[in-house]
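Since the model is a prediction, treat every value here as computed from it, not as a measurement.
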Amino acid sequence: MAYHFDQLKVLVVDDNQHMRMLMGTILRAFGIKTVYVASNQDEAWNVLTLNPCDIIFADWVLDSGSGLELTQKVRTAPNSPNAFVPIIMLTGHTSVERVHMARDAGVNEFLAKPVSSRLILTRLVAVIEHPRPFVRTKNYFGPCRRRRKDDAYHGPERRLGEGAGSENTNTKANAA
């Protein structure tokens with residue numbers, strides 16, 4: 001399937017200038033015309049408040065703050081410009097604990113460094129073709145953390161209880 005990414009607006013947040021340039025070059029090669037860059041959490045927040053973005057690629061480690069803190073702020077701040085924006089976490093730290101921390105902060109996808117154009121495209125397509133419903137509970141707001149239905153599970157469905165809910169979001173990209 002061919003994609004037309006030219007209408008997407010993407011924010012790349014990484015403290016490494018070379019990584020920002022690499023990501024921008026790859027995303028532009030995919031046809032994305034609008035790529036914003038930021039080197040830290042504060043710059044990223046400023047970009048987001050001034051420019052609506054459709055997808056965020058955020059590095060875990062930043063000069064000031066972290067991609068994890070940025071994700072939590074985007075998801076939960078009362079003045080968040082778009083709490084539903086898909087966030088793809090970039091990191092060289094790929095332990096299971098880190099993956100779970102990113103998931104629990106509200107990250108949609110996880111991308112290990114070093115990156116390749118193929119892997120970037122895979123994650124980009126994943127957030128477009130397979131958007132997950134958003135869940136709001138007392139302690140969490142973000143994409144549903146369940147990747148698959150477990151037919152072997154026969155316990156109570158806790159997500160249907162009081163205070164739990166689901167909201168949907170769409171990412172705009174035109175499939176041709």
Check: How long is the span from the OG1 atom in Thr91 to the CG atom in Leu111, to the nearest 0.5 Å?
Finding: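 Thr91 atom OG1 to Leu111 atom CG measures 10.0 Å (nearest 0.5 Å).
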
Checklist line | Rounded distance (nearest 0.5 Å) linking atom CD of Gln72 with atom CD of Gln41 | finding: 9.0 Å

[X] side chain near [Y] side chain, heavy-atom distance below 4.5 Å:
X      : Y      : value
Asn82  : Leu48  : no
Ile87  : Val74  : yes
Trp45  : Ser80  : yes
Gln7   : Asp54  : no
Val135 : Phe141 : no
Ile128 : Leu8   : yes
Met101 : Leu68  : yes
Val12  : Tyr36  : no

For the student: nearest non-hydrogen atoms of [X] and [Y], plus distance:
X     : Y      : result
Thr94 : Ala112 : CG2-CB, 3.3 Å
Val47 : Val37  : CG2-O, 4.3 Å
Gly67 : Ala58  : CA-CB, 4.3 Å

Check: In terms of the angle between their ring planes, are Trp60 and Phe110 parallel, tilted or perpendicular, with boundaries placed at 30° and 60°?
Finding: perpendicular

Item checked: Step-by-step side-chain contact (heavy atoms from CB on, under 4.5 Å) determination, Ile88 to Ile55 -> CA-CA 8 Å; Ile88 301 169; Ile55 296 173; 4.1 Å; yes

Note to self: I'd like to know if the side chain of Arg75 and the backbone of Gly142 have a donor-acceptor N/O pair within less than 3.5 Å.
What the structure shows: no

Margin query: Has Thr49 got a side-chain atom pairing as donor or acceptor with Asn46's backbone, closer than 3.5 angstrom?
Written below: yes

Notebook entry, point to check: Any chance the rings of Phe134 and Tyr140 have centres within less than 6.0 Å?
Noted result: no

Check: Can you check salt bridge (Lys or Arg N to Asp or Glu O under 4.0 Å) on Lys73 and Asp42, steps first, answer last?
Finding: CA-CA 11 Å; Lys73 186 173 183 179; Asp42 294 332; 5.2 Å; no

Item checked: Arg28/Asp6 ion pair, N-O < 4.0 Å -> no

Notebook entry, point to check: Do NZ/NE/NH1/NH2 and the carboxylate oxygens of Asp15 and Arg20 come within less than 4.0 Å?
Noted result: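 No, Asp15 and Arg20 are not salt-bridged.
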
Next item on the list: Would you please test Ile56 and Val13 for side-chain contact (heavy atoms from CB on, under 4.5 Å) and show each step?
Entry: CA-CA 8 Å; Ile56 300 171; Val13 187; 4.3 Å; yes

Check: When you check the side-chain N and O atoms of Glu43 and Ser39, is any donor under 3.5 Å from an acceptor?
Finding: yes

